[in-house]
Every structure is written in C-alpha cells, then in structure tokens.
Engineer: 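The structure that follows is given in the form of structure tokens.
Convention: sequence-line order gives letters A, B, ...; per-chain numbering from 1. As the structure is a prediction and not an experimental result, all values here were calculated from the model.
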2 protein chains.
Amino acid sequence: MLVALGVRIQGLRHDRGLTLQQLAEAADVSVGMLSSVERGQKAPTIVVLARIADGLGVSLADLVAEPEDTRIIVRRAADQDSVDEPGGWRRTVLSPVVPGVNFEWIRTTLPPDCDAGRFPAYAPGSHEYVVVESGTLRLTIADTPVDLNEGDSAYFAADVTHGYANTGSGPCTYYVAALIMRARVAQPRTRHTSRGLRRG
Amino acid sequence: MLVALGVRIQGLRHDRGLTLQQLAEAADVSVGMLSSVERGQKAPTIVVLARIADGLGVSLADLVAEPEDTRIIVRRAADQDSVDEPGGWRRTVLSPVVPGVNFEWIRTTLPPDCDAGRFPAYAPGSHEYVVVESGTLRLTIADTPVDLNEGDSAYFAADVTHGYANTGSGPCTYYVAALIMRARVAQPRTRHTSRGLRRG
DNA sequence: ATGCTCGTTTCTCTATAGTGAAATTCGTAG
DNA sequence: CTACGAATTTCACTATAGAGAAACGAGCAT
C-alpha cells in the first residue's frame with residue numbers, strides 16, 4: 001500500500017520530467033524524505049503528502065486514489081443493456097463498467113404522466129447531471145421540485161433522495177450522468193491488521 | 001487545513017453515532033491519537049488516516065476531498081453556451097461549472113465530412129465517455145481509429161491525444177462526458193493557480 | 001452532595017517521520 | 001581507466017506521531 005503510493009508519486013514526477021530535488025523544492029519537502037516516500041520506506045504525514053501533491057499539481061485525493069488501467073471500451077448499440085421497466089419506461093445504460101470509476105450514463109424514456117420513483121441518497125460527494133432531450137421532466141431533490149423542459153440541463157448533489165417524473169402529456173427522454181461515491185457501511189471489521197506485536 | 005480534516009472526521013463519526021473509543025477500536029488507532037487528529041493538534045500519517053477512513057467506512061480519497069457545497073444548479077436551454085464554430089459545427093455545453101468537480105458534458109453536431117480536430121492529452125486519470133445520437137463518428141485515440149454508429153457508446157482514458165471526426169455523408173450529433181484531471185506544470189511553489197478547463 | 005459510568009482530554013514515553021549534509025551510484029566526457 | 005557533474009541514496013540527528021494509561025468532566029442514579 002505504501003509502495004503503491006510511492007510508485008504512483010514517482011510516476012507522476014517522471015511524467016513531468018522532474019528530478020527529486022526539483023520536486024522537493026517545489027513541494028517544500030526534503031529530498032531524502034521524498035526519496036523514502038517514493039520507495040515506500042517511510043509513511044508521510046498528510047501535511048507532507050499534501051505538499052507533495054501540491055508540488056505535483058494534483059489534488060491530495062487524486063494521489064491516494066487508485067490508478068486507472070483500462071484504456072478503451074466500446075459498447076455497440078446492440079450490446080447495450082436496455083431495460084424495459086414494468087411502468088412502460090425504458091432505460092439504456094450507455095457507460096461501461098470501469099473498475100475504479102463510479103460513473104454511470106443512462107438514457108431514459110418515460111411515457112406520459114409517469115413517475116420513475118425516488119432514488120435513495122448516495123454517499124456524500126456524489127453528483128448527478130441531467131439533460132432533457134425532449135418532453136418535460138420534473139426533478140425532485142430532497143423536497144425541492146424543479147421542472148426541466150427540452151434542452152434544459154441540471155446539476156445536483158446526489159447525497160439526498162431524488163426522484164424523476166414525466167409531468168407532461170407526451171413522452172420524455174432524458175440523459176443522466178452520475179458520479180457515485182461509494183460508501184461502505186460498517187463492515188464486520190477486518191482483522192487483517194493485527195498491529196501491536198511490533199511494540200515492545 | 002488540519003483542523004478542517006479534523007472536523008470532517010469528527011462529523012463523519014458523529015453521523016455514525018460512534019464514540020471516540022468505538023471508532024478507535026474499529027480503526028485500530030489509539031483513542032488519544034484520534035482525539036488529537038480530530039482537533040487538528042497532530043498530523044496523522046497516511047497509514048493511520050487510512051485506518052481511520054477504513055473505520056469510518058469511507059475511502060481515503062473521500063476523507064481528504066473537499067466537501068461539496070453547491071446543491072442544485074439548473075441551466076435553461078436558453079442560457080446554455082452554444083458555440084457555432086467556423087467549420088460549421090455546433091457545440092453546446094450542458095454541464096455547469098462546479099468548483100472542485102472536473103466534469104464536462106457537451107453535445108456536438110458536426111456537418112458531413114467534418115473533422116473536429118485533435119485534442120491534446122490530458123493529465124493521467126482523465127476519462128471521456130462518448131455516445132452517438134445520430135450519424136457516424138470516427139474516434140481516434142492516440143493512433144487507433146474507432147468508428148461509432150448511432151447509439152454506440154465508448155469509454156477511453158483521455159491521457160493521450162484524441163480526435164473526433166464525422167466520416168459520414170449526413171450530420172453527426174454526439175455527446176461527450178469528460179472527467180478531466182488537472183495537472184499543473186512545475187510552478188514556483190504554492191499559490192493555487194487557476195485551473196482552466198475547457199472541452200470541445 | 002456521593003458514587004458511578006461514559007466520553008474526552010492530558011500525560012509519559014517510545015518509535016519513527018522529517019531535515020540537512022555526506023556518501024554513493026550512474027552517465028558521460030576526456 | 002579516470003574524472004566529473006547530476007541524480008539518488010544513506011546517515012546522524014531532531015521533532016513529532018502514536019500507544020497506553022491516567023486524569024478530567026459531564027450527566028445520572030441513589
């Protein structure tokens with residue numbers, strides 16, 4: 001875990017063509033410390049890690065996030081998951097499942113006067129973007145209703161319950177792009193970290 | 001900066017109804033340390049911060065990410081930036097600018113046989129998603145061309161040069177959703193410089 | 001009040017993060 | 001092969017993170 005962070009930092013440094021001392025100066029961290037961190041031999045405090053991130057021009061969150069590996073994924077129209085829900089509405093998932101990325105892109109068509117129901121609150125930091133292609137969509141964020149017409153777009157923080165409904169007399173088609181943060185709920189506690197035997 | 005992290009941790013702990021000792025046990029961290037961290041009196045190393053994040057059931061990246069403040073942003077169709085480029089193609093930016101979120105959602109229409117040109121490589125970790133609404137789109141990732149027809153969607157890592165072109169005889173309309181990572185190039189220390197994002 | 005429990009803070013002490021400079025490796029030129 | 005400059009690693013030392021337990025303080029019952 002430490003070495004992974006180290007190689008990640010080193011990779012970013014090499015990408016920018018920086019030497020240890022250059023980055024050390026830019027990040028206001030000693031060269032030796034930087035070297036140790038890159039090789040996973042020392043665990044930096046968040047303050048120095050934040051300085052390193054700043055020196056690299058990335059956010060601290062970016063540094064600790066797992067790196068991306070997949071390169072190109074194409075989903076043909078025929079391969080896309082189209083779900084015809086009982087209520088007469090149709091959803092098409094446009095985005096592929098990419099490990100480490102919590103992005104979903106969905107095209108939905110609702111028949112006239114149809115309520116797609118409410119969705120639960122996602123973890124803090126989740127966002128959703130909506131664009132209406134045709135028709136009228138009533139978006140309800142927590143308890144606040146917003147009416148969107150053709151061409152309107154909206155953004156909202158998705159950490160509250162939210163619902164979609166077609167309030168018009170014709171069908172309504174809209175796109176939803178969602179960045180969902182994952183939040184694990186109180187796992188039975190991993191015991192793989194039985195630290196405490198190294199203290200004398 | 002440290003106190004901000006502290007109150008954030010404390011808030012998450014209170015949300016879960018945990019006491020210092022409960023979280024300390026769940027996170028395998030001493031109570032005193034946890035207390036100090038919550039009040040910003042000590043700077044934890046990433047290993048203990050990772051354990052704390054684990055105990056809270058959130059990812060390390062979630063912990064260090066700035067909290068979201070904006071709640072709902074609506075952009076009416078009339079307010080959206082529609083740019084008619086010289087080449088005869090039209091771009092509409094659907095996503096609003098949200099601080100801290102590097103997400104852009106754009107609808108583009110290209111006239112027949114039009115090349116929208118190539119875009120530079122973004123920072124590692126950047127992604128793009130594409131959906132073709134109508135027509136035929138030739139996507140070029142690095143040197144790999146991919147042809148997308150109506151309804152096809154694609155994902156690719158945007159840290160290489162990439163281009164869009166309409167190779168068909170009719171107009172082509174497509175959506176691009178982009179998560180762009182920011183990367184600064186070796187500035188002379190501190191001072192958070194701007195972050196200019198733009199996307200075609 | 002007195003005693004009890006729960007939650008938090010403070011205390012002591014050891015392990016280690018972090019610095020600055022010397023030592024080492026590694027190209028590359030002479 | 002030797003010399004030299006740049007990049008990285010090792011070394012000695014100081015500051016502090018982190019564990020463990022004691023001390024503090026707020027309810028709450030008797």
Side-chain angles (χ1 to χ4, degrees), chain A residues 1-58 60 63-64 186 189-200, chain B residues 1-58 60 63-64 185-186 188-190:
Chain A
M1 182 259 165
L2 268 185
V3 289
L5 177 70
V7 292
R8 182 168 178 74
I9 292 175
Q10 194 171 53
L12 289 172
R13 175 169 67 85
H14 285 154
D15 287 350
R16 289 159 176 69
L18 297 174
T19 73
L20 273 177
Q21 12 220 5
Q22 285 173 320
L23 178 56
E25 184 179 358
D28 211 2
V29 170
S30 74
V31 186
M33 187 61 204
L34 195 53
S35 173
S36 301
V37 169
E38 281 191 354
R39 283 174 305 140
Q41 294 193 340
K42 283 185 178 176
T45 58
I46 48 163
V47 287
V48 310
L49 190 62
R51 288 201 226 126
I52 293 174
D54 192 40
L56 285 169
V58 301
L60 185 50
L63 258 197
V64 297
R189 190 84 292 281
T190 53
R191 55 197 84 272
H192 60 74
T193 45
S194 64
R195 161 207 49 85
L197 30 85
R198 56 161 181 219
R199 175 169 291 281
Chain B
M1 183 262 165
L2 266 187
V3 289
L5 177 70
V7 293
R8 182 170 178 74
I9 292 176
Q10 195 172 51
L12 289 172
R13 176 169 65 85
H14 285 154
D15 287 349
R16 289 159 178 70
L18 297 174
T19 73
L20 272 177
Q21 8 218 9
Q22 286 173 321
L23 178 56
E25 184 179 359
D28 212 2
V29 171
S30 74
V31 186
M33 188 60 206
L34 195 53
S35 172
S36 301
V37 169
E38 282 190 354
R39 285 174 301 141
Q41 294 193 341
K42 283 185 178 177
T45 59
I46 48 163
V47 288
V48 311
L49 191 62
R51 291 204 218 118
I52 293 174
D54 193 38
L56 285 170
V58 301
L60 185 50
L63 256 198
V64 298
V185 195
R189 187 76 199 91
T190 64

Engineer: dG7(C) P sits how many Å from Glu25(B) CD, rounded?
Structural biologist: 13 Å
Engineer: CD of Gln22(A) versus P of dA7(D): gap in Å, rounded?
Structural biologist: 7 Å
Engineer: Heavy atoms only: give me the nearest Leu5(A)-Leu63(A) pair and the separation to one decimal.
Structural biologist: CD1-O, 3.7 Å
Engineer: Can you check whether Arg13(B) has a side-chain N or O nearer than 4.0 Å to OP1 or OP2 of dT8(C)?
Structural biologist: yes
Engineer: What nucleic acid atoms does Thr45(A) come within less than 4.0 Å of, heavy atoms only: base, sugar-phosphate, or nothing?
Structural biologist: sugar-phosphate
Engineer: Please find the pair of heavy atoms, one from Ala24(B) and one from Ser30(B), that lie closest to each other, and give the distance.
Structural biologist: CB-C, 4.2 Å
Engineer: Please give, in whole Å, the distance from dT10(D) P to Lys42(A) NZ?
Structural biologist: 11 Å
Engineer: Would you kindly give the CG-to-C1' distance between Leu34(B) and dT8(C), to the nearest whole Å?
Structural biologist: 11 Å
Engineer: Could you check Leu49(B), Thr45(B), Ile46(B) and say which one makes a side-chain contact (heavy atoms from CB on, under 4.5 Å) with Leu49(A)?
Structural biologist: Ile46(B)
Engineer: Take the protein atom CD of Gln41(A) and the nucleotide atom P of dG18(C), then report the distance between them rounded to whole Å.
Structural biologist: 14 Å
Engineer: Looking at dG7(C), dT8(D), dG18(D), which one has an atom nearest to any side-chain atom of Gln21(B)?
Structural biologist: dG7(C)
Engineer: Just the rounded figure in Å: distance from P of dA7(D) to CD of Gln10(A).
Structural biologist: 14 Å
Engineer: Give the C-alpha distance, both sets of side-chain angles, the deciding distance and a yes or no for side-chain contact (heavy atoms from CB on, under 4.5 Å) between Leu20(B) and Arg13(B).
Structural biologist: CA-CA 8 Å; Leu20(B) 272 177; Arg13(B) 176 169 65 85; 3.9 Å; yes
Engineer: Could you give the distance from CG (Leu34(A)) to CD (Gln22(A)), rounded to the nearest 0.5 Å?
Structural biologist: 11.5 Å
Engineer: Do any N or O atoms from the side chain of Ser36(A) and from the backbone of Gly32(A) form a donor-acceptor pair under 3.5 angstrom?
Structural biologist: yes
Engineer: Taking only side-chain nitrogens and oxygens of Arg51(B), does any of them come within less than 4.0 Å of OP1 or OP2 of dA17(D)?
Structural biologist: no
Engineer: With respect to Val29(B), which candidate in Asp54(B), Val37(B), Ile52(B) satisfies the side-chain contact (heavy atoms from CB on, under 4.5 Å) definition?
Structural biologist: Ile52(B)
Engineer: For Ser35(B), answer base if it contacts any base atom (sugar-phosphate contacts may also be present), sugar-phosphate if it contacts only those atoms, and nothing otherwise; contact means non-hydrogen atoms under 4.0 Å.
Structural biologist: base
Engineer: Among dG18(D), dT8(C), dA17(C), which nucleotide sits nearest the side chain of Pro44(B)?
Structural biologist: dG18(D)
Engineer: Return the value, rounded to whole Å, for the distance between atom CG of Leu49(B) and atom C1' of dG18(D).
Structural biologist: 14 Å
Engineer: Polar atoms only, N or O, under 3.5 Å: list the protein pairs with nucleotides 20-27 of chain C and their distances.
Structural biologist:
none

Engineer: Ile52(A) CD1 to dG18(C) C1': how many Å, rounded?
Structural biologist: 11 Å
Engineer: Picking from dT9(C), dA19(D), dG7(C), which would you name as closest to the side chain of Arg39(B)?
Structural biologist: dT9(C)
